[in-house]
Amino acid sequence: DVMKLRWQFDQLQPVEIVRDEDGDYRLTEPVSDLASRSVLRNIGQTYDSAMIGETPLPDTPENRAKTGLDPPRVVLDLEFEDGTRQKLELGSEGPLGNDVFVRRDGKIYRGGLALFSVLRVPLNELRDPVVFRTPVQVATDVIVDRQIEGEDREELHLGRRNGEWRLVAP
């Protein structure tokens, strides 16, 4: 299992996701929040099926420049449960148009374009959309304490009464 993944597109802020003690994945950069399970599942499946294969290009400065790996378009760092790490650098599209050049362990490979594409997920989609993990059938009341700028603080109290949600207060 992956304990930490971090990626950064060239000249953009990094994204980092870490698995916590409870087994949940949390965004730690550029914001702190729970990470979307469905997006992480998609990234994991795409990584597992990336089909990275060798190219005839040796890993030289010239070939890194030719393949868009100097600098890479995106760098993906993975840290696994057993302590091993893997770093992938993704460069320009390959000759097939549905592949990209990938640098790993000092070698240049070609891999599927999907890995590059799946990492381009917007930040708001990386965040878990679930606000409350309590099943709605169990909840009886929700209290929202809010303050709108320039106004007094207000508490909204929603309660389930006779199977229907109602505004209880104010």
Side-chain angles (χ1 to χ4, degrees), residues 1-52 71-91 93 97-100 102 104 111-170:
D1 283 351
V2 173
M3 298 302 291
K4 178 178 171 182
L5 63 153
R6 178 185 176 95
W7 67 90
Q8 184 171 10
F9 283 88
D10 188 32
Q11 299 184 18
L12 294 178
Q13 60 187 343
V15 173
E16 183 176 88
I17 299 174
V18 177
R19 187 173 176 190
D20 66 18
E21 314 83 47
D22 298 326
D24 291 322
Y25 286 92
R26 297 196 60 83
L27 276 162
T28 56
E29 282 191 57
V31 296
S32 178
D33 199 356
L34 280 174
S36 167
R37 293 176 185 181
S38 62
V39 170
L40 286 176
R41 191 170 21 260
N42 191 23
I43 291 172
Q45 290 169 345
T46 304
Y47 172 81
D48 287 343
S49 64
M51 299 184 315
I52 296 174
R73 289 169 49 188
V74 64
V75 176
L76 171 63
D77 287 300
L78 302 158
E79 185 176 319
F80 297 93
E81 197 168 31
D82 65 2
T84 60
R85 295 173 180 244
Q86 186 170 70
K87 180 178 182 177
L88 300 177
E89 298 174 2
L90 307 180
E93 286 186 24
N98 63 353
D99 58 343
V100 293
V102 179
R104 179 182 73 192
L113 185 59
L115 185 57
F116 177 82
S117 300
V118 77
L119 296 175
R120 293 183 61 103
V121 63
L123 181 61
N124 64 324
E125 290 180 25
L126 277 171
R127 299 171 89 157
D128 190 337
V130 175
V131 177
F132 303 107
R133 295 224 178 262
T134 304
V136 69
Q137 300 84 351
V138 176
T140 57
D141 291 271
V142 175
I143 298 173
V144 179
D145 186 2
R146 70 178 188 167
Q147 182 168 6
I148 299 173
E149 191 174 328
E151 295 184 19
D152 291 336
R153 187 176 210 111
E154 178 181 36
E155 186 176 278
L156 300 175
H157 183 171
L158 302 170
R160 185 167 29 183
R161 306 297 183 257
N162 299 322
E164 293 185 13
W165 287 96
R166 305 256 185 226
L167 181 61
V168 176

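Start at 1 with the first residue, then count along the sequence. Everything numeric in this text was worked out from a predicted model, so none of it was measured.
- A distance of 5.0 Å separates CD in Glu81 from CG in Asp1, rounded to the nearest 0.5 Å.
- Across Leu40 and Ala35, no two heavy atoms sit closer than the pair CD1-CB, 3.7 Å.
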Checklist entry - side chain to side chain contact (heavy atoms under 4.5 Å, CB included) between Val18 and Met3: does it pass, once the steps are laid out? => result CA-CA 6 Å; Val18 177; Met3 298 302 291; over 6 Å; no
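- Although no hydrogens or angles enter the test, the distance criterion places a donor-acceptor pair under 3.5 Å between the side chain of Gln147 and the main chain of Glu151.
- Between Glu125 atom CD and Ser36 atom OG the span is 8.5 Å, to the nearest 0.5 Å.
- Remark: Glu164 engages Arg166 in a salt bridge (charged side-chain N to carboxylate O under 4.0 Å, His left out) (not counting sequence neighbours).
- In this structure, the separation between CG on Leu34 and CZ on Arg127 is 10.0 Å, given to the nearest 0.5 Å.
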Checklist entry - For Asp128 and Asp33, what are the C-alpha separation, side-chain angles and deciding distance, and is it a side chain to side chain contact (heavy atoms under 4.5 Å, CB included)? => result CA-CA 8 Å; Asp128 190 337; Asp33 199 356; 5.6 Å; no
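- With respect to Asp77 and Arg85, no salt bridge is recorded, no charged nitrogen being found less than 4.0 Å from a carboxylate O.
- Here the straight-line distance linking atom CG of Leu90 with atom CG of Leu76 works out to 7.0 Å at 0.5 Å rounding.
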Next on the checklist: Determine whether Arg146 and Leu156 satisfy the following criterion, side chain to side chain contact (heavy atoms under 4.5 Å, CB included), listing intermediate values before the conclusion.
Outcome noted: CA-CA 8 Å; Arg146 70 178 188 167; Leu156 300 175; 4.0 Å; yes
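- In Asp152, the CG atom is not crowded: 12 or fewer heavy atoms of neighbouring residues, nucleotides or ligands sit closer than 6.0 Å.
- Counting only heavy atoms from C-beta outward, the side chains of Ile143 and Glu155 approach each other to under 4.5 Å.
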Throw together a table of side-chain donor-acceptor distances under 3.5 angstrom for residues 10-17, partners on residues two or more places apart or in other chains.
| unit_1 | atom_1 | unit_2 | atom_2 | d |
| --- | --- | --- | --- | --- |
| Glu16 | OE1 | Thr28 | OG1 | 2.7 |
| Glu16 | OE2 | Arg6 | NH1 | 3.2 |

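- Judged by distance alone, with hydrogens and angles left aside, the side-chain atoms of Asp82 form a donor-acceptor pair with the main-chain N or O of Thr84 at under 3.5 Å.
- Between Phe116 and Phe9, the ring planes are perpendicular. Angles over 60° get that label, and only those under 30° would be called parallel.
- With Arg73 contributing its side chain and Gly91 its backbone, the two residues share a donor-acceptor pair below 3.5 Å.
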Item to check | salt bridge (charged side-chain N to carboxylate O under 4.0 Å, His left out) evaluation trace for Asp145 with Arg153 | outcome: CA-CA 7 Å; Asp145 186 2; Arg153 187 176 210 111; 2.9 Å; yes
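- The two residues Phe80 and Val2 have their closest heavy-atom pair at CE2-CG2, 3.6 Å.
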Checklist entry - Which is it for Lys87 and Val75 under the side chain to side chain contact (heavy atoms under 4.5 Å, CB included) test, yes or no, and what are the steps along the way? => result CA-CA 7 Å; Lys87 180 178 182 177; Val75 176; 3.6 Å; yes
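- A distance of 13.5 Å separates OH of Tyr25 from NZ of Lys4, quoted to the nearest 0.5 Å.
- We find the OG1-CG distance between Thr46 and Leu113 to be 11.0 Å, quoted to the nearest 0.5 Å.
- When Leu119, Leu5, Leu88, Asn42 are each tested for a side-chain contact (heavy atoms from CB on, under 4.5 Å) with Tyr47, only one passes: Leu88.
- A salt bridge is defined here as a Lys NZ or Arg NE, NH1 or NH2 lying under 4.0 Å from an Asp or Glu carboxylate O, and Arg26 with Asp20 fails to meet this definition.
- Here the closest heavy-atom approach between residue Val168 and residue Arg161 is recorded as CG2-NH2, 3.8 Å.
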